2 protein chains.
Amino acid sequence: MLGEYMSNKVYIVGAGPGDPELITLKGLKVLSRADVVLYDRLIPTELLKYARRAEHIYVGKSPGKHTFSQQEIIKMMIEYYEKGLNVVRLHGGDPFLYGRGFEEVIELRKRGIRYEVIPGISSIYAVPERFEIPLVLRGVASSIGIATGTEDPHKGRKFVDFKKLARAVDTLVIVMGSRNIVNIAKELVEAGLSEDTPVAILRAYLEPEIKIFKTLRELINDEIKIESPVIIVIGDVVKKSLEWYESHITKV
Amino acid sequence: MLGEYMSNKVYIVGAGPGDPELITLKGLKVLSRADVVLYDRLIPTELLKYARRAEHIYVGKSPGKHTFSQQEIIKMMIEYYEKGLNVVRLHGGDPFLYGRGFEEVIELRKRGIRYEVIPGISSIYAVPERFEIPLVLRGVASSIGIATGTEDPHKGRKFVDFKKLARAVDTLVIVMGSRNIVNIAKELVEAGLSEDTPVAILRAYLEPEIKIFKTLRELINDEIKIESPVIIVIGDVVKKSLEWYESHITKV
């Protein structure tokens, strides 16, 4: 096959949580050699500067507003590859953790296209870490549950059973939960979680930073409105952060 | 305070899963400026080369064989800092995800020592990704449970309830589970998971690579023995890997 002698490749790369210095060395290396970069929303523009000789194509999806469909993105990846180019598909965070990286891999695999996946730091743990919230901690939490909060638990068919999750794990992390967090909080209390369970609603490495520290009770009573993206952490580990200490202990 | 005018710091850094190119740019930057590096087991030695002018001190813990206790490590971090040095505490993976980074933060915070936490790529997701196993995937898995497998579920006091976890999440990831995996598998089947549920036992970015693909039934019947460290993934997402396809489909 001719393809065997070609040296170009498609790189599916995680850019990390938003700080350009939190990409990996390997990610940076392939960016600097890229001919085309197809990049997501929330990618720091400083990173694109490393891809000096590349064409930069924005393929990000804002809620309800798609510039390119996932099929169109895959089509572009294939077309540029077939021209003999090095293609970088730059995902926010990690390509496989609530990204579409694996779906892209499947399409490339089918066609015998050379590709490589390069992981990235995920905001799922990097954002809590930024606020010094450990997701696990000896004597406090041994297990983590991670779920999407895109479904309203009070409506329709459910993929995530928050009631079961609440009872099964010590720390619960919800991604894409900004819209449904109040109803999810109600569901968790119905499942038996204490109304005093602490919740952190966080954004870091992206502007503006968000740090909201509440109990489930406060969250439900305040009927709070939150802009995406945020990482939501629920469980006793939240009390370990200085922020919790300042917002809920010192005022007593 | 005199400390205000000093510029040294303690950096708690995640080295990533073992490939030296999977450290972050920020991690590399602080390594290159370090005066002392306190490094864990499983840190790639190539990384230490970037800390050219630093003293390198091995503080890793092998199972049952500690060179330094956690208290001694913290004492060293403080002593070197108080000499005015830049100290890098280099953890495998991410410092907070089943590492002791947060416990170190608490001790530094107490003493008013300047520090910074720099996240790392965790093997929890990077290792499955290396074998092209997505932990979440539209239509297949929306939630992930992560737990330590250090406890034998058939013995004594339990921190992790594998029965509840099995029923609550789509994908289960077990870290530090090499010793107890057969008993955990039995517990999952007792909880109602199908005996045909696929399991991947994986090691990547470290030698020797491990890739064992079995069903829960096979795992229990084979009474398999595994060397740590491994990442264990349980759930239908495992079937998406080429390896599963080759080991369980093509032989039919």
Side-chain angles (χ1 to χ4, degrees), chain A residues 14 16-17 19-29 94-98 100-103 105-106 109 117-122 124-126 128-130 132-139 141-148 150-151 159-161 163-170 237 240 242, chain B residues 14 16-17 19-29 94-98 100-103 105-106 109 117-122 124-126 128-130 132-139 141-148 150-151 159-161 163-170 237 240 242:
Chain A
D19 179 334
E21 293 204 319
L22 290 183
I23 193 171
T24 61
L25 285 188
K26 201 169 201 172
L28 191 73
K29 192 188 272 184
D94 177 80
F96 276 28
L97 279 176
Y98 297 100
R100 308 289 287 260
F102 183 72
E103 293 163 61
V105 160
I106 290 290
R109 212 196 255 173
V117 180
I118 299 173
I121 301 266
S122 171
I124 290 174
Y125 63 95
E129 201 164 303
R130 183 74 168 163
E132 298 187 355
I133 299 174
L135 299 183
V136 281
L137 185 63
R138 261 155 230 255
S142 310
S143 59
I144 308 167
I146 304 167
T148 43
T150 48
E151 306 165 284
F159 292 105
V160 179
D161 188 329
K163 283 208 170 77
K164 282 186 183 168
L165 256 179
R167 294 189 204 108
V169 297
D170 299 321
V237 289
K240 297 293 166 183
L242 268 184
Chain B
D19 179 334
E21 293 203 320
L22 290 183
I23 195 170
T24 61
L25 284 188
K26 202 169 201 172
L28 191 73
K29 192 187 271 184
D94 178 80
F96 276 29
L97 279 176
Y98 297 101
R100 308 287 286 261
F102 183 74
E103 293 164 58
V105 160
I106 290 291
R109 209 197 254 172
V117 180
I118 300 173
I121 301 265
S122 170
I124 290 174
Y125 63 96
E129 202 164 301
R130 184 73 168 167
E132 297 187 356
I133 300 173
L135 299 183
V136 282
L137 185 62
R138 262 155 231 255
S142 309
S143 58
I144 308 167
I146 303 167
T148 43
T150 48
E151 306 165 283
F159 292 105
V160 179
D161 187 331
K163 283 209 169 76
K164 282 187 182 166
L165 256 178
R167 296 190 201 105
V169 298
D170 298 322
V237 289
K240 297 293 166 184
L242 268 184

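Everything numeric in this text was worked out from a predicted model, so none of it was measured.
- With respect to chain B, the highest number of heavy-atom pairs below 4.5 Å among A:Pro119, A:Gly27, A:Ala168 belongs to A:Pro119.
- Every residue two or more places apart in sequence or in another chain was checked for a ring pair (Phe, Tyr, Trp, His ring centres under 6.0 Å) with A:Tyr98, and none qualifies.
- Residues B:Pro95 and A:Glu129 come closest through the heavy atom pair CD-OE2, 3.8 Å.
- Interface residue B:Val136: backbone and side-chain heavy atoms are both found under 4.5 Å from chain A.
- Within the 4.5 Å cutoff, the side chain of A:Asp19 has no heavy atoms near those of the B:Thr24 side chain.
- Within a 6.0 Å sphere centred on NZ of A:Lys163, other residues, nucleotides and ligands contribute more than 12 heavy atoms.
- With chain A as partner, the option from B:Arg138, B:Glu103, B:Lys240 having the largest number of non-hydrogen pairs under 4.5 angstrom is B:Arg138.
- Looking at heavy atoms from C-beta onward, A:Lys26 lies in side-chain contact with B:Leu22 at the 4.5 angstrom threshold.
- Separating the CD1 atom in A:Ile124 from the CD1 atom in B:Ile146 is a distance of 8.0 Å, to the nearest 0.5 Å.
- Interface summary for chain A: among B:Leu165, B:Ile121, B:Leu135, B:Val169, the most heavy-atom pairs under 4.5 angstrom belong to B:Ile121.
- For the set B:Val105, B:Val160, B:Leu97, the entry with the most heavy-atom pairs within less than 4.5 Å of chain A is B:Leu97.
- With chain A as partner, the option from B:Asp170, B:Leu137, B:Ile118 having the largest number of non-hydrogen pairs under 4.5 angstrom is B:Leu137.
- Remark: A:Leu242 engages B:Arg109 in a side chain to side chain contact (heavy atoms under 4.5 Å, CB included) (not counting sequence neighbours).
- For the residue pair A:Ser142 and B:Phe159, the shortest heavy atom distance occurs at OG-CB, 3.5 Å.
- At a 4.5 Å heavy-atom cutoff, the contact between B:Pro20 and chain A is made by backbone atoms alone.
- Between chain B and the residues A:Asp161, A:Ile133, A:Asp94, the largest count of heavy-atom pairs under 4.5 Å involves A:Asp94.
- Taking chain A as the reference chain and counting heavy-atom pairs below 4.5 Å, the highest number among B:Gly120, B:Gly16, B:Ala126 is found for B:Gly120.
- Minimum interatomic distance between B:Phe96 and A:Pro134 (heavy atoms only, all atoms of both residues): CD2-CA, 3.8 Å.
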